[in-house]
Amino acid sequence: MRDYQIAPSILAADFAKLGEEVDNVLASGADIVHFDVMDNHYVPNLTIGPLVCEALRNHGVKAPIDVHLMVKPVDRIIPDFASAGASYITFHPEASEHIDRSLALIRESGCRSGLVFNPATSLNYLDHVLDKVDMILLMSVNPGFGGQSFIPSTLDKLRSVRQIIDDSGFDIRLEVDGGVKVDNIAQIAQAGADTFVSGSGIFSQARDDDPNRYDSILKKMRDVLVNYV
Ligand code: DX5
Ligand code: ZN
């Protein structure tokens with residue numbers, strides 16, 4: 001079995017009590033905190049920046065923080081996120097004029113680097129940078145909003161990237177983001193993903209009066225990955 005990692009997207013969390021939400025979802029067994037950064041320019045929505053990442057670290061969050069940049073340009077903000085405690089920093093190739101330089105900057109800043117592919121973005125961007133990426137993230141929705149439906153053609157794209165990674169021999173995580181739920185996570189894993197971002201699929205599943213609110217949904221996802229992949 002692959003080393004599967006579940007990465008709740010805090011975009012779907014209750015921002016009025018973000019520290020508590022992140023503590024709870026990690027205590028329930030999540031592996032990585034997925035942190036969506038939107039600038040109302042590269043995508044038509046506006047979210048959170050390095051201050052919030054730093055606040056989570058100061059709050060005591062120790063898990064890896066996976067910063068998904070949906071901003072343009074990207075280079076100016078990379079060192080700020082590194083200083084704020086980011087573990088991974090991923091960006092969309094269309095948002096950088098110099099992809100190789102941006103990837104190098106992420107690693108030089110002490111973080112793990114990644115490229116993000118929109119549903120219609122060609123995988124050709126990987127051709128000359130496989131030695132410079134630690135994560136490949138396939139969007140299974142168009143970026144900008146949580147709560148959208150998984151685009152089925154992502155499965156074929158995942159199979160292609162899995163092949164590319166395995167042929168390369170590099171240690172690269174394959175992450176999928178958008179519309180990931182208990183119902184489709186097995187199929188997504190079978191197509192080759194090892195890292196699963198889920199926002200509404202996790203945070204909207206809990207009852208407010210349940211103190212262990214994310215236990216059952218995380219357990220369901222983990223059970224499916226263990227038993228049905
Ligand atoms: C979309 C974001 C996703 C989003 C996923 O642009 O990158 O991380 O939060 O949300 P769900 O899981 O609800 O589709
Ligand atoms: Zn994301």
Side-chain angles (χ1 to χ4, degrees), residues 3-40 42-43 45-71 74-92 95 102 105-116 134-135 137 139 143-147 173 175-178 180 194-206 208 210-215 217-219 221-222:
D3 160 36
Y4 293 126
Q5 303 214 313
I6 298 176
S9 165
I10 57 173
L11 191 61
D14 181 348
F15 275 100
K17 46 179 183 182
L18 187 58
E20 195 184 314
E21 288 271 78
V22 171
D23 290 344
N24 284 339
V25 83
L26 289 170
S28 295
D31 303 289
I32 300 180
V33 178
H34 185 79
F35 191 106
D36 286 307
V37 184
M38 305 185 188
D39 66 349
N40 191 35
Y42 179 64
V43 291
N45 200 355
L46 187 64
T47 61
I48 46 179
L51 277 176
V52 177
C53 185
E54 191 173 12
L56 288 176
R57 286 299 186 212
N58 290 340
H59 176 73
V61 172
K62 300 273 186 284
I65 297 182
D66 169 28
V67 172
H68 173 192
L69 293 181
M70 287 161 275
V71 307
V74 299
D75 290 3
R76 231 290 300 137
I77 205 78
I78 286 170
D80 292 5
F81 269 107
S83 308
S87 311
Y88 288 92
I89 300 179
T90 67
F91 65 94
H92 292 246
S102 302
L105 181 59
I106 294 171
R107 283 193 176 170
E108 281 159 19
S109 306
C111 298
R112 279 168 280 177
S113 62
L115 272 187
V116 191
D134 300 295
M135 172 100 91
L137 169 50
M139 293 306 299
F145 301 94
R173 296 205 71 84
E175 184 174 47
V176 64
D177 182 7
V180 178
D194 55 29
T195 308
F196 308 89
V197 177
S198 180
S200 50
I202 292 176
F203 287 101
S204 316
Q205 300 303 310
D208 273 351
D210 179 358
N212 307 314
R213 46 177 59 82
Y214 303 122
D215 284 8
I217 186 68
L218 264 296
K219 185 175 180 319
M221 284 185 172
R222 198 75 70 185

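For reference, positions follow the sequence shown, starting with 1.
Going from atom CG of Asp23 over to atom OH of Tyr214 covers 11.5 Å, rounded to the nearest 0.5 Å. For the atom pair CD1 (Ile32) and CE (Met135), the distance works out to 5.5 Å, reported to the nearest 0.5 Å.
Side chain of Thr47 to backbone of Asp36: a donor-acceptor contact under 3.5 angstrom is found. At distances below 3.5 Å, not a single donor-acceptor pair connects side-chain atoms of Arg107 with backbone N or O atoms of Cys111. The main-chain N or O of Met139 is never found under 3.5 Å from a side-chain atom of Asp177 such that the two would form a donor-acceptor pair. Under a 3.5 Å cut-off, the side chain of Glu21 and the backbone N or O of Asp14 do form a donor-acceptor pair. Between the side chain of Ser198 and the backbone N or O of Val180 there is at least one donor-acceptor pair closer than 3.5 Å. With hydrogens and angles ignored, the 3.5 Å screen pairs a side-chain donor or acceptor of Asn45 with a backbone N or O of Gly144. Side-chain N or O atoms of Arg112 include none that pairs as donor or acceptor with a backbone N or O of Asp134 at under 3.5 Å.
Looking at heavy atoms from C-beta onward, Tyr42 lies out of side-chain contact with Val74 at the 4.5 angstrom threshold. Residues Asp31 and Thr195 are not in side-chain contact: their nearest non-hydrogen atoms beyond the backbone lie 4.5 Å or more apart. You'll find the side chain of His59 stays beyond 4.5 Å of the side chain of Val22, heavy atoms only. Two residues are said to be in side-chain contact when any heavy atoms from C-beta on lie closer than 4.5 Å; Glu175 and Tyr88 fail this criterion. Looking at heavy atoms from C-beta onward, Phe196 lies out of side-chain contact with Met221 at the 4.5 angstrom threshold.
With a 6.0 Å radius and a threshold of 12 heavy atoms from other residues, nucleotides or ligands, Lys219 has its NZ atom at or below the threshold.
For the residue pair His68 / Asp66, no side-chain donor-acceptor distance below 3.5 Å is found, with atom types taken as modelled.
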